[in-house]
Amino acid sequence: MLKTTFLSTFYVVLLCIILTLSGCFKKQSGTEETNPDTTTPAQTEKTEASAKAPETIVPAETKAPAKVNVNVYLEISNGMKGFMPTPAAGKEATTFQNNLNKLLSEVQDGRYVAEKGFYLAKEDAQSRPVLDSVSYNTIKSYIVSGIKDDVRGTPLPALLKTALQKSIEQGAVSVIISDFIHGPDPRDQGQFISLDSDIRSSLREAEYQGLAIAILANASPFYGTYHPAVKKPELRRTLNGEEIPYYIWVIGKQEDVQVVTNKVLRNLPAQQAYFGFEYKSIPFSALLKEKQFKPTGVVYCSSRNADPCTSVNLQPEKKEPVEFTIGLDLSQLPLSMQSTDYLKKNLKISSTGSRPTIVSVTAADESIKSTPDLAKYSHFVRLRVPELTASSGTIAVQLPQVTPNWITAWSTDNDNNPAVAPKKTYQLTKIIDGVQALYRDQSDFVFNATIQFKKAD
Amino acid sequence: MIQKFFSGLYELFLGRPIPANFTNDYREVVFPNTGLMLFLITLGIVILYYYVLNRAMSTGLYKTQHWVMFLILNAIIAFIIPITQVTGNEIETHSYTYMFAFVNVIYSIILFFVFSILLKRGSVQAWTTPMKWPNKK
């Protein structure tokens, strides 16, 4: 009797052991799924599905439109004539002519442009801005053979306003090309005083519509009569190849502007400024298990399989501060902001509950691009956290909106003699101040990657 | 709950997992898996020894030296499991891994002894292996 109960309980126990053990082993084999040799077709389907999953959470704002509508506005006041001297045998084309030719043909024939419009911007007798819609060939002939019209001045704010209005009506990105030397009516010189607020008013539609502005500055040899904004001592000067700045303003929705700057204009000058650019959710992750970015100290992702990992547990010790790397995908940012030099100079780190510092900023190299888990990140920021001041908090890597240095360098209060001070535009800082005022209410940061942390237990 | 129990059990002697970036893998997968497998395999081998070999079959393996053989067999399994768990979960091996395996061996010996004491009374040939205590007859 006793014997049989023992035997039956023994069998039950044995059965339980076999069942649970097989369960245990199954769990283990689950982790080997990544090995391509042992995967069955069903499992490969599974891994494929999980590989596709991250793509679906890519935020909509990062999807650049395939094609954009572009309106090109070329200012053709007398002050612009020197950029487009009449051609003669043995005379080289100016930088302006070369670049504008490329730009126009890219707009006309490029595959990233859907609808296009070309406009000559001038003013009428009452110094009101006028936009003449012209064909590609007409605007091209202006660039290559010079301006024949006689247009006195450029009421800058009014020009911007009309151009912007037209583009908004047509749903196009504005590309405005001008020397941006403000030339108000001689009877109304007070406009110089209010240039910043006038610029701001003229562009207020951009603010209402949530448009971003990219300003690209370049200098070109200038041949002919130069009309400075400051009329003393000379009312006008004749230049023979001195470099005068010209500007390309691109105004439109952030993603459309980027298509124009990255795919239509392409070879951008070094002087770039971006206003109203903001990235609400750039992809980022703390990289804690990658061999290329080994962390030091006690730090681990709060959840074991989180991808991306945006929450970490850490515990810095006096002897061993925590160091780890954050991968960021900044490929959607304007190109000038993607340079590591720019990021090293401008990236900020802020934190509640700890005192982190940036150790290094690197861009993805070839070996990283070929690592599947890392290929989605373009930049890597290594952080050091020497101590915590609270048991939980946040660490944020941020790129502040900064005004590039070249703007002050290219600005002057007296543009009368460009031979002495080349590459300067009268009151450029004031013009830019007006643009910046549009985005005062916007976030102070181009992007913000925030990682939560907890003290490790 | 089970995770906390086994993590506590191993970290009692081993301290925090090293390298620290795999802490979660140790705590959520490796420690509980190893602990559960240690428990079940030890129980299985003890049952095999007392109830299969020395009750259902009469193999004559009732001497203490046979018991020690099974204890060593169990200890070897207890050494291998942590290492396969660590490598199977793609965790970097470290001297910590081998310390962990060693601690697991110690636990396996203790557990094997405890299970033997508890279960040997149901055996026919081996109820006095490795010793008579606490059974009386």
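Proteins get letters first, then strands, A, B, ... in listed order; numbering begins at 1 in each. All of these numbers come straight from a predicted model, not from anything done at the bench.
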Salt bridge or not between A/K289 and A/D373? Use side-chain N to carboxylate O under 4.0 Å.
no
Run through B/F100, B/F6, B/Y107 and flag the one making a ring-ring contact (aromatic ring centres under 6.0 Å, His included) with B/F31.
B/F100
Go through the atoms of A/T296 and report whether side chain, backbone, both or neither lie under 4.5 Å from a heavy atom of chain B.
neither
For A/K291, is it the side chain, the backbone, both or neither that has a heavy atom under 4.5 Å from a heavy atom of chain B?
neither
So B/H94 and B/Y96, would you call those rings parallel, tilted or perpendicular, with 30° and 60° as cut-offs?
tilted
Side chain, backbone, both or neither of A/V298 within contact of chain B (heavy atoms, under 4.5 Å)
both
Among A/V312, A/N305, A/L314, A/L288, which residue forms the greatest number of heavy-atom pairs with chain B at distances under 4.5 Å?
A/L288
With distance as the sole criterion, is a donor-acceptor pair present between the side chains of B/S58 and B/Q125 under 3.5 Å?
yes
